[in-house]
Amino acid sequence: MSSLLENLNPEQRAAVTLPAEHALVLAGAGSGKTRVLTTRIAWLIAQGAARPAEILAVTFTNKAAKEMSARLAALLPLDVRGMWIGTFHGLSNRLLRTHYKEAGLPQTFQILDSADQLAAVKRLLKALNVDEERFPPRELAQFINASKEQGLRAEAVEAWDEPTRRRVELLVEYERQCQREGVVDFAELLLRAHELLSRNEPLLHHYQQRFRHVLVDEFQDSNPLQYRWLKRFAGGGAALFAVGDDDQSIYGFRGAEVANLRTFEREFGVRHLIRLEQNYRSFSNILDAANALIRNNSQRLGKNLWTERGGGEPLRLYAAGNDTEEARFIADETRTLLRQGHRPGEIAVLYRANAQSRVVEHALFSAGIAYRVYGGLRFFERQEVKHALAYLRLVANRHDDTAFARVVNFPVRGIGSRTLEQLQELARSHDESLWAASARLSGRSGQSLTAFMRLVDAMAEGCAGIRLAELIEQVLKHSGLRAHYQSERDAQDRVANLEELVHAAGQFEAEHAGAVALDSAPLAPGGDANGDRRAEPLIEFLTYAALESGEHQAGAGQEAIQLMTVHAAKGLEFDAVFLTGLEEGLFPHENSIEQDRGLEEERRLMYVAVTRARKRLYLTLSEARMLHGQTRYRLPSRFIEEIPPELIQRQSVAPAAARGTSSMPMAHRPGPAVRAATPGRAAGAREAELAHGLRIGQSVHHARFGQGVILGAEGRGTDARVQVQFTQAGVKWLALSVAKLTPA
DNA sequence: TGGGAGTGCTTTTTT
DNA sequence: AGCACTCCCA
């Protein structure tokens, strides 16, 4: 058991061996956070301080949960299955499945992913005749989620103005609809689980007695509801062990509250605060840059990364004239790195926004370099897969209107929008599902509806006793889905995905057969008499598809350069990292610059990006960039200036190009000076020179707004606009044809 | 019913 | 620019 503690540094060891009390571990990037968390659990068990069944470990992503389980399995000889390890959503689901009656849900309740939720909201708005201009579905969905993530039900949402009151009414209607259909959205999973424990004293008591140790990863990403959720579980005297890094909080925009770290300290009277500051990932030049950057943020809990490794290489800065050139630089450098023997999977290109990947992809493609783009559509989110799943959902629950609406006429079977409208109305007036409504209508309004219902019923009858994969096979065949895509041009990928779905189901069933162990803890009151009895495989598979939609995307090509947003890179590390698009307005993003909170989150994002690199970090930017169909001109990001210049080596020419191995036309080679330092004068100056002799970075005067500096520009001719940072009046976009700007 | 044209949006995103 | 979505007509 002491071998568990080998190779831990003193702080890590201190954290692992803390007594069973609340603790907060502030773990810097690359400081061995996951290791501490898993070793802590292993240590508790090896010490005899806890039994597996007394452990509740919570993460945000399935990937993190999986990794934790895998590491624990390696550390501990014994069965780890008695532990509850999973995501907030996965664990909530588990709780709700076990106690579905008490939670007021049907046993077969289904989970709406974001797209399903949006579809449900749209359907609702249509049924209620709500003007979608005034209440955009997206916005309403966001309102719904935000309310729930604050832990609020409709009656508790504050509504001081008319539109908000209306939104609250719609929230109520939405809830009614979900309840009738037997579906829950992501936020609802957590809220319902929380409420279940809040109002069911025996259950609460049971779980609080059972879990003596609650451990959370990435605590800085938790929202208020998640915080309350944890409080419920740990409220009965369990020890809450939270690991997080306030400097890596980058999900504030979707409700995460860094403040939870402080609130936790205060409310739980945390006596053990441990900082992990030794970094095992990067050379010190990279860490120094990261430290210098993040020092500009206020409100930090304070932390300084250090390493025993040496300084390493300087950071490399490359300023391009335009985005194509920037991308070409990346491709050239990458080629050099590969030639030097770096593995492709150890090289990453990071950007602030997904739209930036295109140019880089193009350059890499032209250079014949294999790459892989992360993000985008995941397997279970593809339309053909969702269609197939919708049939399965109907098999499981005929009253799932989202599924019904999705496939009632797909593939086309003559049930048009008119029929559907009729159905909606009928369903509405009888307060019943679309399925129930079509039972009324089918007699009168034609064969098609009856045929559809018979189809689904037949699928359901046929599914008894057959395997999941076989059931899906039947669905693909009898629904006509496969035939539909087979006959369509350019849809071979979709056919392949459908086959993959059959395969995935087979795999799922093989892996999960009998895999659910009986809990060793006493049964929950009101729980199933058979304990954690295996639910219907179909329901399990559908749940898996909703909650772990990402897993199937993972064809993680190790032999390719990795392209992703900075957000997606959190938790990952690479030998070499290109951090691209370092321009004001892009990174930091213009929508965030306005408020301090936004800017600080951008800076944390930058901090996350910088700390991804182990050995080499490139910072690249471009003076001109194609964005939204227009060329924009921007200043270098302020974040570059926040890094001590002595850590940065300015690179004006790609080494590969210098050696003549590049396809890069010499005429386009940037000059010796760093272009960003002299905006508007290097290649592309023709465009950078705005009307009236104005340039990016130039001080100007405006009759009404006073003194300012030109931040950026877009458009040309009479459309030309400039963005000006005024000393007094803030940031404004001005049309050059209208505004009178004089050089100052 | 389904396709073509017109319109509008475009930061980050896991579950 | 590129994409998703809506609307309207054949």
Side-chain angles (χ1 to χ4, degrees), chain A residues 58-65 86-93 111-119 122 126 132-133 136-139 142 145 148-149 184-191 193 217-218 221-223 225-226 229 249-256 323 350-359 362 374-378 380-381 383 409-420 448 488 543-551 553 564-571 581 585-593 598 601-602 604-606 608-609 625-632:
Chain A
V58 196
T59 64
F60 281 83
T61 67
N62 291 302
K63 198 173 154 205
T87 62
F88 280 101
H89 294 85
L91 295 169
S92 296
N93 172 64
I111 298 162
L112 299 183
D113 67 18
S114 318
D116 293 331
Q117 185 192 34
L118 188 63
K122 281 184 183 165
K126 205 151 269 172
E132 295 201 1
E133 303 269 288
R138 240 166 240 290
E139 198 189 283
Q142 214 187 331
N145 293 334
K148 294 187 186 186
E149 279 161 10
V184 296
D185 58 46
F186 285 138
E188 182 72 19
L189 277 174
L190 270 76
L191 186 53
D217 194 12
E218 305 274 20
D221 287 336
S222 60
N223 62 37
L225 175 57
Q226 285 158 337
W229 191 101
S249 160
I250 55 174
Y251 286 108
F253 71 93
R254 63 168 198 223
D323 46 0
L350 308 185
Y351 34 81
R352 175 67 241 263
N354 280 308
Q356 290 168 251
S357 79
R358 191 178 302 273
V359 203
H362 184 79
Y374 282 79
L377 260 198
R378 279 179 285 241
F380 285 109
E381 292 169 359
Q383 69 151 6
N409 195 37
F410 194 98
V412 178
R413 47 174 74 88
I415 302 171
S417 48
R418 234 177 62 82
T419 310
L420 206 54
S448 339
E488 198 169 90
T543 302
Y544 165 78
L547 287 183
E548 306 188 34
S549 58
E551 299 302 298
Q553 171 189 41
M564 64 190 86
T565 63
V566 180
H567 280 91
K570 191 166 99 160
L586 189 56
F587 200 176
H589 197 277
E590 54 191 338
N591 298 1
S592 314
I593 290 179
E601 181 149 316
E602 293 288 305
R604 291 193 292 268
L605 197 53
M606 180 75 182
V608 167
R625 181 178 300 277
M626 199 61 166
L627 210 62
H628 310 327
Q630 284 181 315
T631 309
R632 292 186 173 224

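Every chain is numbered from 1 and lettered A, B, ... according to where its sequence line falls, protein lines coming before strand lines.
- One atom, CD of A:Gln383, and another, C1' of C:dC3, lie 14 Å apart when rounded to the nearest Å.
- Per the geometry, CG belonging to A:Asn409 stands 9 Å off C1' belonging to B:dT1, to the nearest Å.
- Note: A:Phe253 and A:His567 meet the aromatic proximity criterion, with ring centroids under 6.0 Å apart.
- Contacts of A:Asp185 with the nucleic acid, taken as non-hydrogen atoms under 4.0 Å apart, are absent.
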Please list, pair by pair, any protein nitrogen or oxygen found under 3.5 Å from a nitrogen or oxygen in nucleotides 10-13 of chain B.
from	atom 1	to	atom 2	distance (Å)
B:dT11	O4'	A:His589	NE2	3.2
B:dT11	O2	A:Arg352	NH1	2.7
B:dT11	O2	A:Arg352	NH2	2.5
B:dT12	OP1	A:Asn354	N	2.7
B:dT12	OP1	A:Asn354	ND2	3.2
B:dT12	O4'	A:Arg352	NH2	3.0
B:dT12	N1	A:Arg352	NH2	3.4
B:dT12	O2	A:Arg352	NH2	2.4
B:dT13	OP1	A:Thr565	OG1	2.5
B:dT13	OP2	A:Asn354	ND2	3.3

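- Partners of A:Glu132 according to the side chain to side chain contact (heavy atoms under 4.5 Å, CB included) rule, which considers only residues two or more places apart in sequence or in another chain, are A:Leu125, A:Lys126, A:Pro137.
- For A:His362, the NE2 atom counts as loosely surrounded, since its 6.0 Å shell holds 12 or fewer non-hydrogen atoms of other residues, nucleotides or ligands.
- Taking side-chain N and O atoms only, A:Asn62 has a distance below 4.0 Å to OP1 or OP2 of B:dT15.
- Between the side chain of A:Arg352 and the backbone N or O of A:Leu586, no donor-acceptor pair lies under 3.5 Å.
- Comparing A:Ala546 and A:Ile415 against DNA chain B, the residue whose closest nucleotide sits nearer the 5' end is A:Ile415.
- When each of C:dC5, B:dT15, C:dA1 is scored by its nearest atom to the side-chain atoms of A:Lys122, the top-ranked nucleotide is C:dC5.
- Counting only distance, with no hydrogens or angles, the side chain of A:Asn62 and the backbone of A:Leu547 share a donor-acceptor pair below 3.5 Å.
- A:Leu225 has its CG atom 17 Å from the P atom of B:dT15, to the nearest Å.
- One interatomic measurement links the two molecules: CD of A:Glu548 to P of B:dT14, which rounds to 14 Å at whole-angstrom precision.
- No donor-acceptor distance shorter than 3.5 angstrom exists from the side chain of A:Asn223 to the backbone of A:Gly255, with no hydrogens or angles considered.
- For the pair A:Gln356 CD and C:dA1 C1', the interatomic distance rounds to 15 Å; values are reported in whole Å.
- Heavy-atom distances to DNA chain B give each of A:Phe186 and A:Arg413 a nearest nucleotide, and the one nearer the 5′ end belongs to A:Arg413.
- Between the NE2 atom of A:His362 and the C1' atom of C:dG2 there is a distance of 16 Å, rounded to whole Å.
- A salt bridge between A:Asp113 and A:Arg378 is absent, with no side-chain N of the basic residue lying under 4.0 Å from a carboxylate O of the acidic one.
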